[in-house]
Amino acid sequence: MKEYKIAMIVGSLRKDSFNRQLASALVRLAPPEFTFSDVGIGDLPLYNQDDDNRQAESVLRLKREIANADGLLFVTPEYNRSIPGVLKNALDHASRPHGQSSWSGKPAGMIGISPGTSGTAMAQQHLRNILVALDVPTLAQPEAFIQTKDGLFDEKGNIGEGSRQFLQSWMDRYAAWIKLHLSHS
Ligand code: FNR
């Protein structure tokens with residue numbers, strides 16, 4: 001059976017991040033042939049184009065992890081109606097040097113959670129814009145804008161009963177999207 005290695009990028013560095021909790025619970029809904037590795041972005045320097053030809057070890061590590069993955073999963077908060085700067089920083093770093101982007105052609109999906117009613121909708125729309133520029137084919141539907149609420153996670157950190165069906169169907173579509181792309185590559 002073919003295995004699918006997914007690089008998961010969480011856009012929050014916060015210890016008790018809702019998005020990290022969502023990411024941990026969501027991957028448990030994936031088919032067994034999928035494995036997810038958490039790509040760290042908290043140790044990257046601020047992007048500076050002067051360093052494109054002498055990238056820091058943390059940047060080279062990020063690029064390696066993306067390059068070795070079959071697909072991408074972004075789980076991100078919304079900061080001021082866009083994606084957090086730490087996520088944009090990571091996207092920029094791994095897109096360079098010019099012509100050597102690690103992102104190109106990697107199929108992706110995105111999801112996010114927020115205490116607000118918009119559930120990261122605007123951040124996700126901004127992320128879609130960026131991923132077009134990076135040549136990352138991104139799952140369009142279903143969109144998933146999750147709001148924090150009691151019972152979203154159960155006591156074991158799984159997705160709670162009320163949201164499980166929706167998030168399972170999201171994961172099923174995501175997995176099918178990744179497989180579809182890799183079957184053509
Ligand atoms: C926020 N938050 C927020 N929420 C939202 O729905 N829309 C927004 O535009 C913003 N803007 C924003 C800016 C900044 C700088 C911070 C720190 C926070 C609230 C945000 O959704 C909340 O803090 C989440 O808990 C962040 O996600 P994690 O860290 O829990 O994953």
Side-chain angles (χ1 to χ4, degrees), residues 6-30 34-48 58-59 61-62 65-66 69 71-95 103 106 108-134 136 138-171 173-175 178:
I6 305 297
M8 186 172 75
I9 299 120
V10 176
S12 172
L13 304 183
R14 196 169 76 87
K15 184 165 52 69
D16 296 323
S17 162
F18 293 124
N19 282 276
R20 182 157 297 287
Q21 289 175 57
L22 176 62
S24 304
L26 195 61
V27 301
R28 297 180 199 172
L29 302 178
F34 278 67
T35 54
F36 294 79
S37 58
D38 190 2
V39 176
I41 59 172
D43 58 344
L44 303 173
L46 284 179
Y47 176 76
N48 179 338
S58 56
V59 176
R61 187 263 315 149
L62 170 73
E65 290 182 17
I66 302 300
L72 310 168
L73 174 61
F74 293 94
V75 186
T76 187
E78 178 171 294
Y79 279 5
N80 297 314
R81 306 291 183 262
S82 186
I83 61 169
V86 287
L87 177 55
K88 183 62 162 63
N89 191 50
L91 289 161
D92 291 339
H93 268 303
S95 74
W103 305 108
K106 305 276 176 188
M110 69 176 70
I111 194 166
I113 181 169
S114 153
T117 49
S118 69
T120 77
M122 282 168 278
Q124 291 190 39
Q125 204 58 48
H126 280 195
L127 180 55
R128 286 182 189 281
N129 254 21
I130 297 163
L131 295 180
V132 169
L134 296 177
V136 170
T138 305
L139 177 66
Q141 294 289 343
E143 294 172 295
F145 308 133
I146 313 298
Q147 186 176 17
T148 53
K149 60 178 180 197
D150 288 345
L152 178 62
F153 304 109
D154 69 16
E155 66 289 346
K156 292 188 175 140
N158 296 310
I159 301 291
E161 196 65 47
S163 302
R164 196 167 312 147
Q165 195 182 355
F166 172 69
L167 285 168
Q168 183 66 65
S169 69
W170 186 90
M171 177 51 83
R173 288 282 293 274
Y174 169 79
I178 299 293

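Whatever order the structure lists ligands and atoms in, that order sets their numbers, starting from 1. Residues take their numbers from the sequence shown, with the count starting at 1.
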Q: Which one holds for Ser17 and ligand 1: side chain close, backbone close, both close, or neither close, with close meaning a heavy atom under 4.0 Å?
A: both
Q: Would you say Arg128's side chain and Met110's backbone share a donor-acceptor pair under 3.5 angstrom?
A: no
Q: Do the side chain of Gln147 and the main chain of Pro115 share a donor and acceptor less than 3.5 angstrom apart?
A: yes
Q: Which atoms of ligand 1 sit under 4.0 Å from any heavy atom of Asn80?
A: 8 (C), 9 (O), 10 (C), 11 (N), 12 (C), 13 (C), 15 (C)
Q: According to salt bridge (Lys or Arg N to Asp or Glu O under 4.0 Å), who are the partners of Arg81, at least two apart in sequence or on a separate chain?
A: Glu78
Q: Considering heavy atoms of the protein only, find what lies nearest to atom 30 (O) of ligand 1 and give residue, atom and distance to 0.1 Å.
A: Arg14 NH2, 2.7 Å
Q: Against heavy atoms of Ser12, which atoms of ligand 1 measure under 4.0 Å?
A: 28 (P), 29 (O), 31 (O)
Q: Tell me, which protein residue and heavy-atom name are nearest atom 26 (C) of ligand 1, and how many Å apart are they?
A: Pro77 CB, 3.8 Å
Q: For ligand 1 and Phe18, I'd like to know whether there is a polar contact (N/O to N/O, distance under 3.5 Å).
A: yes
Q: So is there a nitrogen or oxygen of Asp16 less than 3.5 Å from a nitrogen or oxygen in ligand 1?
A: no
Q: Nearest heavy atom to atom 6 (O) of ligand 1: which of Ser114, Gly85, Ala121, Gly116 does it belong to?
A: Ser114
Q: Go through ligand 1 atom by atom and flag the ones less than 4.0 Å from a non-hydrogen atom of Pro115.
A: 21 (O), 22 (C), 24 (C)
Q: Using a 3.5 Å distance criterion without hydrogens, assess whether the side chain of Glu143 forms a donor-acceptor pair with backbone atoms of Ala121.
A: no
Q: For Leu29, does its backbone N or O pair with a side-chain atom of Gln168 as donor and acceptor, under 3.5 Å?
A: yes
Q: Report the nearest protein non-hydrogen atom to atom 3 (C) of ligand 1: residue, atom name, distance rounded to 0.1 Å.
A: Glu78 O, 3.1 Å
Q: Heavy atom under 4.0 Å from ligand 1: found in Arg81's side chain, backbone, both, or neither?
A: both
Q: Between Trp103 and Leu131, is there a donor-acceptor pair closer than 3.5 Å when you use the side chain of the first and the backbone of the second?
A: no
Q: Are the side chain of Ser118 and the backbone of Gly116 linked by a donor-acceptor contact shorter than 3.5 Å?
A: no
Q: Short list, please: which atoms of ligand 1 are under 4.0 Å from a heavy atom of Asn19?
A: 27 (O), 28 (P), 31 (O)
Q: Whether the side chain of Arg173 engages the backbone of Gln141 through a donor-acceptor N/O pair (distance < 3.5 Å, no angle test) should be reported.
A: yes
Q: Ignoring hydrogens and geometry, is there a side-chain-to-backbone donor-acceptor pair from Asn89 to Tyr47 under 3.5 Å?
A: yes
Q: Looking only at distances, can you tell me whether any N or O atom of Tyr79, backbone or side chain, sits closer than 3.5 Å to an N or O atom of ligand 1?
A: no
